[in-house]
2 protein chains.
Amino acid sequence: MAFAGIVTYSFRMPASRPNDDERALRPQSDSPPALCTACEARHRGVCGALDGEQLAELARASHLQVIEEGAELIGDAERVESYSNVLSGVVKLTKTLPDGRQQIVGLQFAPDFLGRPFREESTIGASAATTVSLCSFPKSTVERMMREQPQLENRLLRQALDELDDAREWMVTLGRKTAAEKIASFLLMIARNIAPRAAGAGETASFDLPLTRSDIADFLGLTIETVSRQLTKLRIDGIIRIENNRRITIENVVRLAGRAGD
Amino acid sequence: MAFAGIVTYSFRMPASRPNDDERALRPQSDSPPALCTACEARHRGVCGALDGEQLAELARASHLQVIEEGAELIGDAERVESYSNVLSGVVKLTKTLPDGRQQIVGLQFAPDFLGRPFREESTIGASAATTVSLCSFPKSTVERMMREQPQLENRLLRQALDELDDAREWMVTLGRKTAAEKIASFLLMIARNIAPRAAGAGETASFDLPLTRSDIADFLGLTIETVSRQLTKLRIDGIIRIENNRRITIENVVRLAGRAGD
DNA sequence: AAACGCCATTGATTCAAGTCAACGCGGCGT
DNA sequence: ACGCCGCGTTGACTTGAATCAATGGCGTTT
């Protein structure tokens, strides 16, 4: 695996002095480790399926990683030895044709679970769209817990079904929407994931795009030129404001939704 | 639900005389019901997760349905009261935009499981691409068994992950392949599902397309004219033979694969 | 501060696939 | 036998997005 740009903090690593994190992960009776209590994955993610003792055990085997923008997490057709929870940032899942054409087939936000159970090597690549922090576990530990705790498998099933719904939603976008509709749909999807409050109710929403123009093109099956042109069109029509390349403000969520084709 | 064109054989239905099927489903000790023993779903499908007693119980609650080509199984945003195994035929999963544009987001072959656990109403439509036979169960029975038998949830997870892999594979096709590559990929996928032997090893493979030109277009994000033209091109190039509208012979599987873009 | 690289935008032109239209073929009802 | 209808094919033309090419910020290096 290309570990370029990946900083790893192992909680099992012998530290010069026991730091706060280290202590936070030690199991006390069967209450959850302090670090996990504050973790999104503990509540909305797969760790919610575990009891205090299991959580402590998993936490002991886990380590945090901070991955910088652009770094590859999993190569295509690579043997994968660990699973992770996304704690922050955005991970892009990609597929590449032999001649280099690329398609982003999914985006993962906190607290999504990253990994493909029941398959030795992955059929997709994963890389950090933004700086990403992960809580990673050895494959074997997670797989043993899946057998011991059916609730965990239930969570994974729920996430897999949600991802399947998402993937099928994007199949419609890829297959049947125009470039303009694709861009509108994309902005709405990002807004809903990054700034859910604003995107749901409010008229305006402001956020940083987690993807470059090139990534957006690879996600929507377009070229960067078309992405750029459609964004300027939305800007000229007063639907979005482009603060700078990355920062976008949706001036009118309802009008944007009207251009998404559904 | 639109039951037009759906013939239902209930195994709980009081028959004028106990027929073979009826007797086959009665539980004897804990050996599997005779009907299930011969069923593909018993071996490769989700029923493989159940023991003899559970299988007998599920079989008692099940009923067979034969659905004719074109009939709708599940409407979009419809409340779904049952799950099914596909025993034969092909089910198409569709999504439709408000203005009528349609995208087929998946195809299900025997012995796939049909249904979306953990969600009250479906977000996709399902209809019979060919004549389809289903083994259907009440939602509640399956959901209880999922709780009692984690193996069942494991099977569903595996199928969901496989479907997710398929969906992502098609996202690449929809987003990044040319019309010619889309058609080649489609023919290969169908061949692998319908005539796996021939498609894998042999040089030629022969099968009936389970979809109309219009369905193929909706699956690949193309128009029927483009589908027709690309098929003609493959025929002129001697890669396929079009026996009649439905029946296709792949003259050279390797050459076809060479045109699929991957 | 000049030079470079990277990312994004904008304009001019091309082309793959869509649209519109005509026609062919086979099954079905009258 | 006839006309009709649904499905598929083929041809002529149009168009939306890709391609090719030039230019503009902006941060980093020298």
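So you know, we letter chains A, B, ... as the sequences are listed, proteins then strands, and number each from 1. All of these numbers come straight from a predicted model, not from anything done at the bench.
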Colleague: What is the distance, to the nearest angstrom, from the NZ atom on A/Lys177 to the P atom on D/dA17?
Modeller: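 Nearest whole value for this atom pair: 14 Å.
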Colleague: For DNA chain D, whose closest nucleotide is more 5', that of B/Thr226 or that of A/Gln230?
Modeller: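 Whichever sits nearer the 5' end wins; that is B/Thr226.
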Colleague: Using a 4.5 Å cut-off on heavy atoms from C-beta on, say whether the side chain of A/Val172 contacts that of B/Arg101.
Modeller: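 The answer is no, as the side chains (C-beta and beyond) never meet within the 4.5 Å cut-off.
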Colleague: B/Arg176 has an atom CZ; how far is it from atom P of C/dA16, in whole Å?
Modeller: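 Roughly 16 Å, once rounded to whole Å.
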Colleague: How many whole angstroms separate atom CG of B/Asp218 from atom C1' of D/dG8?
Modeller: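 My rounded result for the distance is 15 Å.
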Colleague: Protein-nucleotides 24-26 of chain D N/O pairs closer than 3.5 Å?
Modeller:
none

Colleague: Can you check whether B/Asp218 reaches B/Thr94 side chain to side chain, under 4.5 Å on heavy atoms?
Modeller: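 A side-chain contact is absent here, since even the closest heavy-atom pair is not under 4.5 Å.
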Colleague: I'd like to know if A/Asp165 and B/Arg119 make a salt bridge, using a cut-off of under 4.0 Å between side-chain N and carboxylate O.
Modeller: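 Result for this pair is yes, salt bridge flagged.
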Colleague: Can you list the residues that meet the side chain to side chain donor-acceptor pair (under 3.5 Å) rule with B/Asp76, with sequence neighbours excluded?
Modeller: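 Expected list: none.
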Colleague: Could you tell me whether B/Gly70 contacts a base, only the sugar-phosphate backbone, or nothing, with contacts defined as non-hydrogen atoms closer than 4.0 Å?
Modeller: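 B/Gly70: no heavy atom of the nucleic acid under 4.0 Å.
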Colleague: Within this structure, what is the CG-to-P distance between A/Leu222 and C/dA16, rounded to whole angstrom?
Modeller: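 From A/Leu222 CG to C/dA16 P: 18 Å.
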Colleague: Do any side-chain atoms of residues 182-191 of chain B form donor-acceptor pairs under 3.5 angstrom with protein atoms, and if so which ones, sequence neighbours left out?
Modeller:
| unit_1 | atom_1 | unit_2 | atom_2 | d |
| --- | --- | --- | --- | --- |
| B/Lys182 | NZ | B/Leu220 | O | 2.9 |
| B/Ser185 | OG | B/Lys177 | NZ | 3.0 |
| B/Ser185 | OG | B/Glu181 | O | 2.7 |
| B/Ser185 | OG | B/Ala260 | O | 3.3 |

Colleague: Kindly point out which of C/dA8, D/dA17, D/dT9 is positioned nearest to the side chain of A/Thr178?
Modeller: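 The answer is D/dA17, which lies nearest to the side chain.
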Colleague: Got A/Arg246 and A/Thr212 here, is their nearest side-chain heavy-atom distance under 4.5 Å?
Modeller: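 Yes, side chains in contact.
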Colleague: To the nearest angstrom, how far is A/Asp215 atom CG from C/dA8 atom C1'?
Modeller: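 Taking atom C1' of C/dA8 as the reference, CG of A/Asp215 is at 14 Å.
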Colleague: Under 4.0 Å between a side-chain N/O of A/Thr223 and OP1 or OP2 of D/dA17, yes or no?
Modeller: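 No, because none of the side-chain N or O atoms of A/Thr223 sits under 4.0 Å from OP1 or OP2 of D/dA17.
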Colleague: Taking five pairs at each end, how big is the angle between the two axes of the helix from C/dA1-D/dT30 to C/dT30-D/dA1, to 10°?
Modeller: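 The two end axes of the helix from C/dA1-D/dT30 to C/dT30-D/dA1 meet at 20°.
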Colleague: Once side chain to side chain contact (heavy atoms under 4.5 Å, CB included) is applied, do any residues pair with B/Glu40, and if so which ones, sequence neighbours excluded?
Modeller: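 B/Glu40 satisfies side chain to side chain contact (heavy atoms under 4.5 Å, CB included) with B/Arg44, B/Ala110, B/Pro111 only.
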Colleague: How many Å lie between CZ on A/Arg213 and C1' on D/dA17, as a whole number?
Modeller: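 Going from CZ in A/Arg213 over to C1' in D/dA17 covers 18 Å.
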Colleague: So which protein nitrogen or oxygen atoms get under 3.5 Å of nucleotides 11-13 of chain D's nitrogens or oxygens?
Modeller:
| unit_1 | atom_1 | unit_2 | atom_2 | d |
| --- | --- | --- | --- | --- |
| D/dG11 | N7 | B/Arg229 | NH1 | 2.9 |

Colleague: By ring-ring contact (aromatic ring centres under 6.0 Å, His included), which residues pair with B/Phe113, not counting sequence neighbours?
Modeller: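 In terms of ring-ring contact (aromatic ring centres under 6.0 Å, His included), with neighbours along the sequence ignored, B/Phe113 is linked to B/Tyr83.
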Colleague: Taking for each residue the nucleotide of DNA chain C bearing the nearest heavy atom, is the 5' side occupied by A/Ser228 or by B/Gly221?
Modeller: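 Counting from the 5' end, the first nearest nucleotide belongs to A/Ser228.
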Colleague: Enumerate the protein-to-nucleotides 23-29 of chain C contacts in which both atoms are nitrogen or oxygen and the separation is below 3.5 Å.
Modeller:
none

Colleague: What residues in residues 231-248 of chain B put a non-hydrogen atom under 4.0 Å from any atom of DNA chain D?
Modeller: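 The stretch gives B/Thr232, B/Arg235, B/Asn245 as the residues lying under 4.0 Å from the strand, ordered by number.
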Colleague: For residues 227-237 of chain B, please give each side-chain donor-acceptor pair under 3.5 Å, one per line with the distance, not counting sequence neighbours.
Modeller:
| unit_1 | atom_1 | unit_2 | atom_2 | d |
| --- | --- | --- | --- | --- |
| B/Thr232 | OG1 | B/Ser228 | O | 2.7 |
| B/Asp237 | OD2 | B/Arg259 | NH1 | 2.9 |
| B/Asp237 | OD2 | B/Arg259 | NH2 | 3.0 |

Colleague: Under 3.5 Å, sequence neighbours excluded: what are the donor-acceptor pairs made by side chains of residues 128-135 of chain A?
Modeller:
| unit_1 | atom_1 | unit_2 | atom_2 | d |
| --- | --- | --- | --- | --- |
| A/Thr130 | OG1 | A/Val90 | N | 3.0 |
| A/Ser133 | OG | A/Ser88 | N | 3.4 |
| A/Ser133 | OG | A/Ser88 | OG | 2.6 |

Colleague: State, yes or no, whether a side-chain contact exists between B/Leu64 and B/Leu87 at a heavy-atom distance under 4.5 Å.
Modeller: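 Heavy-atom side-chain distance check passes, below 4.5 Å.
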Colleague: Side-chain contact test, heavy atoms from C-beta onward, threshold under 4.5 Å: evaluate it for B/Asp262 versus B/Glu169 and give yes or no.
Modeller: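 Of all side-chain heavy-atom pairs linking B/Glu169 with B/Asp262, at least one is under 4.5 Å.
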Colleague: Show the nearest heavy-atom pair for residues B/Arg176 and A/Leu222, with the distance to one decimal.
Modeller: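 Closest approach of B/Arg176 to A/Leu222: NH2-O, 2.9 Å.
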Colleague: Which donor-acceptor pairs under 3.5 Å do the side chains of residues 201-211 of chain A make with protein atoms, sequence neighbours left out?
Modeller:
| unit_1 | atom_1 | unit_2 | atom_2 | d |
| --- | --- | --- | --- | --- |
| A/Ser206 | OG | A/Thr249 | OG1 | 2.8 |
| A/Asp208 | OD1 | A/Arg247 | NH1 | 3.2 |
| A/Asp208 | OD2 | A/Arg247 | NH1 | 3.3 |

Colleague: Can you find a pair of side-chain heavy atoms, one from A/Arg116 and one from B/Leu161, that are under 4.5 Å apart?
Modeller: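 The answer is yes; the side chains approach within 4.5 Å.
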Colleague: From the options B/Glu163, B/Met171, B/Gln103, select the one residue that forms a side-chain contact (heavy atoms from CB on, under 4.5 Å) with A/Arg168.
Modeller: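 Exactly one candidate clears the test, B/Glu163.
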